[in-house]
Amino acid sequence: MKVKNQARFEFMSLPENVAVARVTVASFASQLDFTLSDLDEIKVAVSEAVSNAIIHGYENRPEGTVRVVITLYESALEIVVDDEGRGIADIEQALQPAYSTDPERMGLGFVFMQSFMNEFRVKSEVGKGTQVIMVKKLEAASDPSPES
């Protein structure tokens, strides 16, 4: 797929930066014809990915760095969120609904990301960090054409 546009940014692992990432990604995504519902789902998925990096990756320590890369294609948006935090020992377990390393959390972040995005992957290495890759396709692009 040919890249139409791309942006990269990084910020300190502060909770207030979740909103910055959310709004920035949504603004960038609006270059494609996503519905308002799609944009809301993108914002939730980004919020969850960034929150996970801050809360679980960096254990709420503000000196960490969260990086976001947003890539626009003709009919899709790819979002990559990564950190250099503590990493995930068992990704399969972490992807289970209601699993959380923080008893105060509901453990639904990955569930939301998976359900709101067309593609979702997690790469992680203990002690080195985590990368979340999410793709949201335009509805018209994900529906089979009547001619096929």
Side-chain angles (χ1 to χ4, degrees), residues 1-138 141-142:
M1 274 195 283
K2 184 177 180 232
V3 172
K4 187 174 173 181
N5 199 357
Q6 187 176 66
R8 300 168 187 266
F9 60 104
E10 62 181 45
F11 46 86
M12 291 175 63
S13 56
L14 297 166
E16 49 267 46
N17 287 333
V18 172
V20 173
R22 186 182 158 95
V23 170
T24 303
V25 172
S27 296
F28 200 79
S30 68
Q31 295 175 43
L32 294 180
D33 278 337
F34 285 113
T35 65
L36 290 176
S37 177
D38 288 337
L39 291 172
D40 283 342
E41 290 177 349
I42 290 165
K43 289 192 283 190
V44 170
V46 168
S47 294
E48 293 296 338
V50 171
S51 293
N52 279 356
I54 293 168
I55 294 164
H56 302 291
Y58 292 118
E59 300 172 285
N60 290 307
R61 291 185 315 271
E63 61 274 2
T65 300
V66 179
R67 282 175 300 286
V68 179
V69 178
I70 324 159
T71 306
L72 286 179
Y73 299 95
E74 288 300 319
S75 59
L77 168 75
E78 179 184 65
I79 306 155
V80 178
V81 177
D82 71 50
D83 65 68
E84 295 171 352
R86 69 181 191 180
I88 302 170
D90 186 341
I91 293 173
E92 196 172 309
Q93 181 182 31
L95 293 175
Q96 296 304 307
Y99 175 80
S100 179
T101 58
D102 182 342
E104 299 294 312
R105 314 297 293 178
M106 292 190 318
L108 296 174
F110 282 147
V111 173
F112 288 140
M113 288 180 249
Q114 284 178 300
S115 66
F116 290 157
M117 304 305 275
N118 299 100
E119 296 174 25
F120 171 79
R121 294 184 310 282
V122 179
K123 298 176 183 177
S124 191
E125 193 173 334
V126 174
K128 295 198 175 181
T130 300
Q131 181 181 67
V132 174
I133 302 122
M134 303 177 285
V135 175
K136 182 73 166 180
K137 296 177 182 173
L138 287 173
S142 61

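The closest donor-acceptor contact from the side chain of K136 to the backbone of F116 lies under 3.5 Å. With hydrogens and angles ignored, the 3.5 Å screen pairs a side-chain donor or acceptor of S13 with a backbone N or O of R61. Here the side chain of N17 pairs a donor or acceptor atom with the backbone of M12 at under 3.5 angstrom. Judged purely by atom type and a 3.5 angstrom limit, N118 uses its side chain to pair as donor or acceptor with the backbone of K137.
Pairing each heavy atom of N52 with each of M113, the nearest pair is ND2-CE, 3.5 Å. Nearest heavy-atom pair, L39 versus S30, reported as atom, atom and distance to 0.1 Å: CD2-N, 4.2 Å. Across A53 and V66, no two heavy atoms sit closer than the pair CB-CG2, 4.0 Å. Of all non-hydrogen atoms in I54 and L14, the two that sit nearest each other are CD1-O, 3.3 Å. The two atoms that bring F120 and V132 nearest to each other are CE1-CG1, 3.7 Å, heavy atoms only. Across all non-hydrogen atoms, the minimal contact from S124 to G129 is OG-O, 3.1 Å.
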message: Pair F11, T24 - check side-chain contact (heavy atoms from CB on, under 4.5 Å), show working.
response: CA-CA 12 Å; F11 46 86; T24 303; over 6 Å; no
- prompt: Where do E119 and I133 land on the side-chain contact (heavy atoms from CB on, under 4.5 Å) test, with the steps shown first?
  reply: CA-CA 8 Å; E119 296 174 25; I133 302 122; over 6 Å; no
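In this structure, the separation between CE on M1 and CG on L72 is 11.0 Å, given to the nearest 0.5 Å. Interatomic distance, E78 CD to M117 CE, rounded to the nearest 0.5 Å: 9.5 Å. The distance from atom CZ of R22 to atom CD1 of I42, rounded to the nearest 0.5 Å, is 11.5 Å. A distance of 8.5 Å separates CZ in F34 from OG in S75, rounded to the nearest 0.5 Å.
Looking at heavy atoms from C-beta onward, Y73 lies out of side-chain contact with V135 at the 4.5 angstrom threshold. Within the 4.5 Å cutoff, no side-chain heavy atoms of V68 are placed close to those of F28.
E92 CD: 12 or fewer foreign heavy atoms inside a 6.0 Å radius. Counting non-hydrogen atoms of other residues, nucleotides and ligands closer than 6.0 Å to NZ of K4 gives a total above 12. Remark: D33 CG is loosely packed, at most 12 non-hydrogen atoms of other residues, nucleotides or ligands lying under 6.0 Å away.
Neither side chain, S37 nor D40, offers a donor N or O lying under 3.5 Å from an acceptor on the other.
With sequence neighbours left out, R67 forms a side chain to side chain contact (heavy atoms under 4.5 Å, CB included) with E10, T65, D82, E84.
Looking at V23, V18, V25 one by one, the single match for side chain to side chain contact (heavy atoms under 4.5 Å, CB included) with V46 turns out to be V25. Shown are I91, V81, D83; of these, the side chain to side chain contact (heavy atoms under 4.5 Å, CB included) with T130 is made only by D83.
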